[in-house]
Number of protein chains: 2
Amino acid sequence: MTKVSGEVRAKEEATSVNRREQILEAAVVVFAEHGYFKATTAQVAEKVGISQPYIFKLFKNKEELFVAALDRAFERTIRTFTDVEASGDTLLEESIRVYEQMMETHPSEIILQVQALGIRDEAIRSSMQAGMNRVTQLMENKFTAAGIANPEVEVSTFMANGMLCHIAMALEMPELKPKHLK
Amino acid sequence: MTKVSGEVRAKEEATSVNRREQILEAAVVVFAEHGYFKATTAQVAEKVGISQPYIFKLFKNKEELFVAALDRAFERTIRTFTDVEASGDTLLEESIRVYEQMMETHPSEIILQVQALGIRDEAIRSSMQAGMNRVTQLMENKFTAAGIANPEVEVSTFMANGMLCHIAMALEMPELKPKHLK
DNA sequence: TTAAGTAGTGACTGATCAATCACTGTGGAA
DNA sequence: TTCCACAGTGATTGATCAGTCACTACTTAA
């Protein structure tokens, strides 16, 4: 009856911590695909292979589930940029490289961030603000440490192009992607 | 009973064309404030001072209403930039100026565009794609006509900063606004 | 005066879903 | 052997809303 269409991966010990992780992984994908309001907790549950009510044993409500998924996306973003080791004259291009890599390996998490831009919900907006702040701060620290001139301006431009890139992806408009100078 | 809180303006002749306009004006604000899915057609109706069912006499459904509101936002954007007359060395700053002006005078239309970025709905996405394309094309034409070097790159940067600015507004993060070089 | 178009409404419904509740099954520890 | 914590589910519901329907009231033109 139920399609069991896109269920996920192999057996791990069924602790609630694992379940939480599995649910989050599924939630990122489902939310990215359908959007926060159209996505249902039943779709997430089906993807994990559990019942819909069980989600509410591990997350207070749908909003909290989304926020957790969004935080996850930002955590990866932060980790990705943190891991870049490069000197002043390669830091920017290296950062762009790992970012583009992340777009390919984890597109749903990018989409999720774009979704969150438009959602008028206090908890979600707070999480989004925190995420954007963390990324900006991190890059400013890295740019500064690498001795790049005008780090504020450079980071701002980096963020602007990054967001345009996100948008190009969400809208499926590759022609919108930033035209890297040179 | 009903609050009649934010009803709108004075009597015009009650033709359906006027009503359409009034509904769109209200819709832009209501959608911007609550988001596409949380906003209700009843809220839009209340703001106009008509009954909820009447909206469906003038718009096929909620989606069509949103698309019409979004198109309206893009029309103003296009008009705003079209009206800029400036030479090669002032075109960019002048464009930024009118854009910032529009952010102050019509914030809801900016917010609406940000909302639309994340909505997974074919009609809305198409409208969004068309809008972004029109703006990009227009600016490329203007930059080229003004004899600006590397118009593609310049427009891309302009769009990137513009979108970051939109985002800063939607997230209420003024500190995120582009740091204009110089 | 009537007929027809236009502007508009009150009352309702069908569908959807987040969230709750009351429950089952199971593996260990005491 | 019992008891209890943990993992999990089926059934249901309460609220919300887009959209429909059957209707009223006004105006104009023949």
Side-chain angles (χ1 to χ4, degrees), chain A residues 1-4 7-24 26-27 30-31 33-69 115 119-124, chain B residues 1-4 7-27 30-31 33-69 119-124:
Chain A
M1 189 155 282
T2 38
K3 284 276 193 49
V4 196
E7 210 173 307
V8 268
R9 96 178 55 237
K11 297 274 127 94
E12 283 177 69
E13 226 199 323
T15 68
S16 66
V17 199
N18 285 339
R19 283 305 198 196
R20 247 192 95 94
E21 279 312 301
Q22 291 170 16
I23 291 171
L24 279 178
V30 172
F31 281 135
E33 188 169 338
H34 304 284
Y36 177 54
F37 294 100
K38 275 285 168 74
T40 69
T41 54
Q43 288 171 321
V44 176
E46 195 194 334
K47 181 152 256 170
V48 183
I50 57 171
S51 70
Q52 178 259 340
Y54 192 48
I55 290 186
F56 293 91
K57 293 271 145 97
L58 304 183
F59 297 88
K60 202 169 115 264
N61 51 36
K62 193 187 184 184
E63 182 195 73
E64 204 186 272
L65 175 60
F66 185 89
V67 168
Q115 309 258 17
I119 300 176
R120 317 299 280 177
D121 172 293
E122 253 320 294
I124 293 174
Chain B
M1 188 154 279
T2 38
K3 285 278 193 50
V4 195
E7 209 172 308
V8 268
R9 97 178 54 235
K11 295 274 128 92
E12 282 176 71
E13 225 199 323
T15 68
S16 65
V17 200
N18 285 338
R19 283 307 197 194
R20 248 190 94 94
E21 280 311 301
Q22 291 170 17
I23 291 170
L24 280 178
E25 212 165 300
V30 172
F31 281 135
E33 188 168 340
H34 304 283
Y36 177 53
F37 293 101
K38 275 284 168 75
T40 69
T41 54
Q43 288 170 320
V44 175
E46 195 194 334
K47 182 153 256 170
V48 183
I50 57 173
S51 69
Q52 178 258 341
Y54 192 47
I55 290 186
F56 294 92
K57 294 271 146 95
L58 303 183
F59 297 88
K60 203 169 115 264
N61 50 38
K62 192 187 185 184
E63 181 196 75
E64 203 185 272
L65 175 60
F66 185 88
V67 168
I119 300 175
R120 316 300 280 177
D121 172 292
E122 253 319 293
I124 293 173

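On a predicted model such as this, the values are computed, not experimentally measured, just so you know. Protein chains get the first letters and strands the later ones, always in sequence-line order, with residue 1 at the start of each.
Phosphate contact (OP1/OP2 of D:dT9, side-chain N/O of A:Tyr54, threshold under 4.0 Å): absent. Residue B:Arg19 places none of its side-chain N or O atoms closer than 4.0 Å to OP1 or OP2 of C:dT6.
A straight line from CG of B:Asn18 to P of C:dA7 spans 10 Å, rounded to a whole angstrom. The CD atom of B:Glu46 sits 16 Å away from the C1' atom of C:dT9 (whole-angstrom rounding). Rounded to whole Å, the distance from CZ on B:Arg20 to C1' on C:dG8 is 17 Å. Computed from coordinates, the B:Ile50 CD1 to C:dT6 P distance equals 18 Å when rounded to whole Å. Atom CZ of B:Phe59 is separated from atom P of D:dT20 by 15 Å (rounded to the nearest Å). Rounded to an integer number of Å, the gap from CG of B:Leu65 to P of D:dC17 is 15 Å. For the pair B:His34 NE2 and D:dC17 C1', the computed distance is 15 Å after rounding to whole Å.
Remark: A:Glu64 pairs with no residue by the side chain to side chain donor-acceptor pair (under 3.5 Å) rule, at least two apart or across chains. Scored by the ring-ring contact (aromatic ring centres under 6.0 Å, His included) test, A:Phe37 finds B:Phe37 as partners (sequence neighbours excluded). Contacts of A:Glu21 classified as salt bridge (charged side-chain N to carboxylate O under 4.0 Å, His left out), with partners at least two apart in sequence or in another chain: A:Arg72.
B:Ile55 comes within 4.0 angstrom of no nucleic acid atom, judged by non-hydrogen atoms across all strands.
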Tabulated below should be each protein N or O lying under 3.5 Å from an N or O of nucleotides 16-20 of chain C; please produce it.
{"from": "C:dA18", "atom 1": "OP1", "to": "A:Ala39", "atom 2": "O", "distance (Å)": "3.4"}
{"from": "C:dA18", "atom 1": "OP1", "to": "A:Lys62", "atom 2": "NZ", "distance (Å)": "3.1"}
{"from": "C:dA18", "atom 1": "OP2", "to": "A:Thr41", "atom 2": "N", "distance (Å)": "3.2"}
{"from": "C:dA18", "atom 1": "OP2", "to": "A:Thr41", "atom 2": "OG1", "distance (Å)": "2.8"}
{"from": "C:dA19", "atom 1": "OP2", "to": "A:Lys62", "atom 2": "N", "distance (Å)": "2.7"}
{"from": "C:dA19", "atom 1": "N7", "to": "A:Gln52", "atom 2": "NE2", "distance (Å)": "2.9"}
{"from": "C:dA19", "atom 1": "N6", "to": "A:Gln52", "atom 2": "OE1", "distance (Å)": "3.1"}

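Judged by distance alone with a 3.5 Å cut-off, a donor-acceptor contact links the side chain of A:Lys57 to the base of D:dT9.
For the atom pair CD1 of A:Ile23 and NZ of A:Lys47, the computed distance is 14.0 Å after rounding to the nearest 0.5 Å.
Taking the six-membered ring for Trp and thresholds of 30 and 60 degrees, B:Phe66 and B:Phe31 have ring planes more than 60 degrees apart, a perpendicular arrangement.
No side-chain donor-acceptor contact under 3.5 Å links B:Lys38 to the backbone of B:Glu33.
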For residues 50-58 of chain B, which side-chain donor-acceptor pairs fall under 3.5 Å, sequence neighbours excluded?
{"from": "B:Gln52", "atom 1": "NE2", "to": "B:Thr41", "atom 2": "OG1", "distance (Å)": "3.2"}

